[in-house]
Structures are given as structure tokens and as C-alpha cells.
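Only one structure is covered here, and it is reproduced in the block below.
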Amino acid sequence: MGKKKTLTGALLAAAIMTVAGCSGQGTASGETAKAPADPTDASGTIKVLTHRTDLVQNGTMAKYAAEFNKTYPEVKVKFEALTDYEGEVKIRMNTDDYGDVLMIPAAVAKDDYPKFFAPLGSAGELGDRYRFSDKAEVGGKVYGISTFGTANGFLYNKAVWKKAGITEWPTTPEEFVADLKAIKSRTDAVPYYTNFKDGWPLTAWSNNIGSVTCDAKANDKLAGPVSPWKQGGELHTIDSVLYDIVKGGLSEKDPNTTNWEASKGMIARGEVATMQLGSWAITQMRDAARKGGADPDDIGFMPFPVQKDGTYCAVLASDYQQAVNIHSDHKSAARAWIDWFAEKSGFSAKEGAVPALKTAPLPDTLEDFTDNDVTFLERSEAKTGPVNAIDNAAEIGLNKPDYRQKLVDTARGAQKGSLADFFADLDKRWNEAAATVGS
């Protein structure tokens, strides 16, 4: 997916402090960035910063720009693709020069959005039009529009699961692990692939928060000294599944040798049975199947193995959100690009992702979910700011790979400790941080 690399530990903390503490930020106008009433009124050259190095390199983004120019002929769009998007953009945000349009970096505190980005409109106005708008809402104003959203679950090779004698989705974590054991004993496939080395795929597990209890506000409820990993808690359930998979020898032999790009072909060919990822990955795995001569229809998508009152739930979460640099000299043109990209480009459909525009249909990639009456919940972001503040102060990283890499290492015996002790430490750090930063 062209995913970004992330900074970790002390370096990340320093970067966050640098971004939040920039001098001079917030001196620019907080005037709303409005799209022009007449497309010909928008003019100038805008630079769009993106993490999608793959789409810039293969010319896809240039094609989007050419289509955009059919409506906005006086605007020239330039792209700058950054491999280490998070790290490089955080550094550049110490200056005024961080593009005209950019994906909001994860390390920028939500309450600091007005310092760096131009408001795009009111929460009421944009909330009626777009999904996920509350993720970028501060003080009643919205500062970013999602490129797309994603449902979370497990990509799996249907042929492998069928060969193991499994024809129904598991309804409990215990059934899920039992199914992986059946795959190990009855097929030659690796039951589960962690993508441990690349790291970022491990962060997708956090997007299941809400799916366990069918609660769209589950993430908001982490805003306090609530012991998120206590018995019965969503994170206890989610992370226990990963631990049990690895502890049971159901993942690759050496997680340090995993390879994200290679994993696409492995699941397409049936060498790997299952991976935990967002629905955005379905198209990539099916493309890998086509290129490798395998059947793309073998790539399926199942929800997290928990039901509430007999129903599966899947949380829809926003991917990166595009924002307008508050210092841009071409805010109208920048806003025109963001609106066009969300509404007219067809980007989310091509990516097999959930569109930001509420009136747009869900993608065909989620057909397995819609056909089986999986309930979709749009994740509330009302308390994302406080939750992120606690997470950062606790140095856990719900949206970073480090603690789950440690969980995997603990499960496979590369690090000492029990699961109970691991969870107890996380809860202690979370609760202490919550008391420090408040909620």
C-alpha cells in the first residue's frame, strides 16, 4: 500500500514535541479554505505531499491530476512522495513549507490542528457530507477530509481454509485459533502471517477496537484510567488472539524474516492462509493473485471472530486525511483538489476502500460482509485527542508496532514474561499516564 515508516521511542517523542512546539505556527490566517464557486477562479501551482510513493512512481497520481485539470484547468498539481512520510513531514512542519495539501501526520496532536491547517468548514456541514469528519474536528471546525476509510478483519485464502475442512467463519477467538490449528495439520500453508518485520501491519489490530463489543464509541472509552487490557476488555480480547496464534506455533517460524511485498503473493498462492489487515488490502492481494496465475476469488475477508447477539460487527476507520497547509498561498486551489479527490476521482473505489462521501456506495470488496449481514460501525473520534495523549504519555503506541512486536516476542519465547504480566504492565502504564495528562 505504500505505507509509511514510523519513528519510535525517544525519537518519536522528540519529533512530536518539536512539531507541537513550533514557534510561529498559528500566526497564519484561520480563514476557512473554500473551494471556488467557479472552477476557473482557482489557479496556481499546488504541491501535494503523499505517502503513496507507489502511485506517484507508476504515474497513477499524474492521471488523477490530468482528470482534475478537466474541471480546474488553471491549477497545476505537483506531487511529492515521501517514503518516510511521518518522519520527513514532522521535520518540515517546523517551517511554513510543508506543501499546500498534505496527509495529516499521526504525531500532530489533534488539538494542534488549527495551528497547522486551514479549517475546511463546520462540523455540522461536513459531517452531513463526509464519513470520518470527526477525526479532524476541533472546536466545531473540520481540518481534514479522509482519502478513504477501511473496515478491519482477516484476509484469508478461501481455498486453503476449505481444504482444512472449514466452511463457516469462526464466531469466537477460540474457534478462530482452532481453525488455524486445523489449517496447520491439514495443509502445507502457514496458518497466520504476522508481517512482524515491516511492523506497520501489526497496528491494524487496533482498528478492531469496537468490533468486539459492537460499540462505535469503544475507542472513546479508553480516555481515562480504565485498564484497557483487563479481563473482558476489548484490547485484552484482541491482543490475546495474536498472542495465542504465535504461542501455538501457528505463525511463520521466524517473524524477523517476514516481507510485506512478498506476503501478497504468498497468500495469493495459498502458501499463507490468513493475515489481519484492513479491507484496503483486498485489491492488492487479488491483484497479486492475477499476476501470479492464481484465482483472485480465493482472497476472502472475514470479520473479527466475535459476535454480539449473533451478529458480527466491523468498525469503519479513517485512513489518512487530506488537509490544507494554513500557510498555503493557494488555499482555494488546494481545497478544490481535496474536494475533487474525495468526490470525483474514484480513488476509494479503485482502492476497494470505503468512500468518505456518504452518498457513495460501499465497495465490492466488502461484498462478503454485506452478504453476511455484518454490521458496520463508523468509529467515533470524539475523544481521540485525550486517548492519543494518554497513549503517548504511556509510551505504548496503540497505532505503532512496537508493543505488539514485544507481544509476539513474548509469545514465542524471545522475551521473558507471561501474557498476564504483559497486560498488567500495559494497564499500569496506561492508568498512570491517564492520571498525569487527564482525560
Side-chain angles (χ1 to χ4, degrees), residues 131 149-158 160-162 164-184 191-192 194 201-222 226-248 250-251 273-282 299-317 353-354 362-380 398 404 407 419 423:
R131 296 183 176 98
T150 186
N152 231 52
F154 289 88
L155 274 85
Y156 69 109
N157 187 297
K158 293 180 179 179
V160 173
W161 278 63
K162 185 177 181 180
I166 309 160
T167 57
E168 301 289 336
W169 287 343
T171 60
T172 66
E174 293 76 18
E175 283 184 26
F176 181 73
V177 173
D179 287 344
L180 295 184
K181 288 179 179 177
I183 290 168
K184 183 176 182 178
Y192 184 82
T194 65
L202 289 170
T203 67
W205 286 84
S206 289
N207 287 333
N208 290 302
I209 297 171
S211 296
V212 178
T213 57
C214 276
D215 185 357
K217 295 183 178 180
N219 196 68
D220 290 342
K221 293 177 181 178
L222 299 179
V226 295
S227 301
W229 287 269
K230 65 180 179 293
Q231 185 73 37
E234 294 228 1
L235 280 164
H236 184 284
T237 300
I238 291 165
D239 287 334
S240 292
V241 172
L242 177 57
Y243 180 90
D244 290 344
I245 289 170
V246 178
K247 182 74 172 178
L250 303 172
S251 55
T274 323
M275 293 194 288
Q276 152 61 42
L277 287 165
S279 57
W280 56 264
I282 298 171
I299 302 299
F301 195 57
M302 71 172 74
F304 194 84
V306 173
Q307 289 187 329
K308 179 77 176 294
D309 299 327
T311 302
Y312 295 102
C313 290
V315 173
L316 303 180
V354 177
L362 290 174
D364 293 341
T365 49
L366 289 176
E367 196 170 288
D368 285 352
F369 277 27
T370 55
D371 287 350
N372 288 281
D373 298 322
V374 175
T375 298
F376 292 103
L377 305 169
E378 185 178 332
R379 182 172 69 187
S380 170
L398 289 177
R404 285 201 178 93
L407 175 66
L419 181 61
F423 284 161

Original post:
After noting the C-alpha distance and the side-chain angles of D373 and T311, does the key distance pass the side chain to side chain contact (heavy atoms under 4.5 Å, CB included) rule?
Top reply: CA-CA 8 Å; D373 298 322; T311 302; 5.9 Å; no
Distance-only, no hydrogens or angles: does the [X] side chain make a donor-acceptor pair with backbone N or O of [Y] under 3.5 Å?
{"X": "Q276", "Y": "A204", "answer": "yes"}
{"X": "Y192", "Y": "V246", "answer": "no"}
{"X": "S227", "Y": "K230", "answer": "no"}
{"X": "T150", "Y": "S279", "answer": "yes"}
{"X": "S206", "Y": "L398", "answer": "yes"}

Subject >> Pair D368 + K158: basic N to acidic O under 4.0 Å >> reply: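 Salt bridge between D368 and K158, a charged N being under 4.0 Å from a carboxylate O: yes.
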**OP:** Please determine if D215 and K221 form a salt bridge, counting it only when a charged side-chain N lies under 4.0 Å from a carboxylate O.
**Re:** yes
Of all the heavy-atom pairs spanning [X] and [Y], show the shortest one and how long it is.
{"X": "L155", "Y": "G278", "answer": "CD1-O, 3.9 Å"}
{"X": "D239", "Y": "L407", "answer": "O-CD2, 3.5 Å"}
{"X": "L242", "Y": "L202", "answer": "CD2-CD2, 4.2 Å"}
{"X": "P191", "Y": "I183", "answer": "CA-CG2, 4.0 Å"}
{"X": "P228", "Y": "L222", "answer": "CB-CD2, 3.9 Å"}
{"X": "S211", "Y": "A314", "answer": "OG-CA, 3.7 Å"}

Rounded to the nearest 0.5 Å, how far does [atom2] of [Y] lie from [atom1] of [X]?
{"X": "I245", "Y": "L180", "atom1": "CD1", "atom2": "CG", "answer": "5.5 Å"}
{"X": "L366", "Y": "I282", "atom1": "CG", "atom2": "CD1", "answer": "5.5 Å"}
{"X": "D179", "Y": "I166", "atom1": "CG", "atom2": "CD1", "answer": "4.0 Å"}
{"X": "E175", "Y": "E168", "atom1": "CD", "atom2": "CD", "answer": "10.0 Å"}
{"X": "L419", "Y": "S240", "atom1": "CG", "atom2": "OG", "answer": "5.0 Å"}

**OP:** Could you point out which residue of Q307, E234, H236 forms a side chain to side chain contact (heavy atoms under 4.5 Å, CB included) with V212?
**Re:** E234
Subject >> CG (N372) with more than 12 external heavy atoms under 6.0 Å >> reply: yes
Original post:
So, R404 versus T203: side-chain donor-acceptor pair below 3.5 Å or not?
Top reply: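 There is no such pair between these side chains.
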Original post:
Can T167 and W161 be counted as having a side-chain donor-acceptor contact under 3.5 angstrom?
Top reply: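 The criterion, which ignores hydrogens and geometry beyond distance, is not satisfied for W161 and T167.
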Original post:
Do F304 and F176 have ring centroids that are under 6.0 Å from one another?
Top reply: no
Subject >> Y156 ring center within less than 6.0 Å of F301 ring center >> reply: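 Between F301 and Y156, the centre distance exceeds or equals 6.0 Å.
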**OP:** Begin from the C-alpha positions of T171 and V306 and carry the test side chain to side chain contact (heavy atoms under 4.5 Å, CB included) through to its verdict.
**Re:** CA-CA 5 Å; T171 60; V306 173; over 6 Å; no
**OP:** Indicate yes or no: at least one non-hydrogen side-chain atom of F376 is less than 4.5 angstrom from one of L362.
**Re:**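 Touching, per the 4.5 Å side-chain cut-off.
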Original post:
Would you say the side chain of N152 lies within less than 4.5 Å of the side chain of W205, judging by non-hydrogen atoms?
Top reply: no
**OP:** Before giving the answer on side chain to side chain contact (heavy atoms under 4.5 Å, CB included), spell out for F154 and L277 the whole-Å C-alpha distance, their side-chain angles and the decisive distance to 0.1 Å.
**Re:** CA-CA 6 Å; F154 289 88; L277 287 165; over 6 Å; no
**OP:** Apply side chain to side chain contact (heavy atoms under 4.5 Å, CB included) to the pair N208 and V315, showing each step before the final yes or no.
**Re:** CA-CA 7 Å; N208 290 302; V315 173; over 6 Å; no
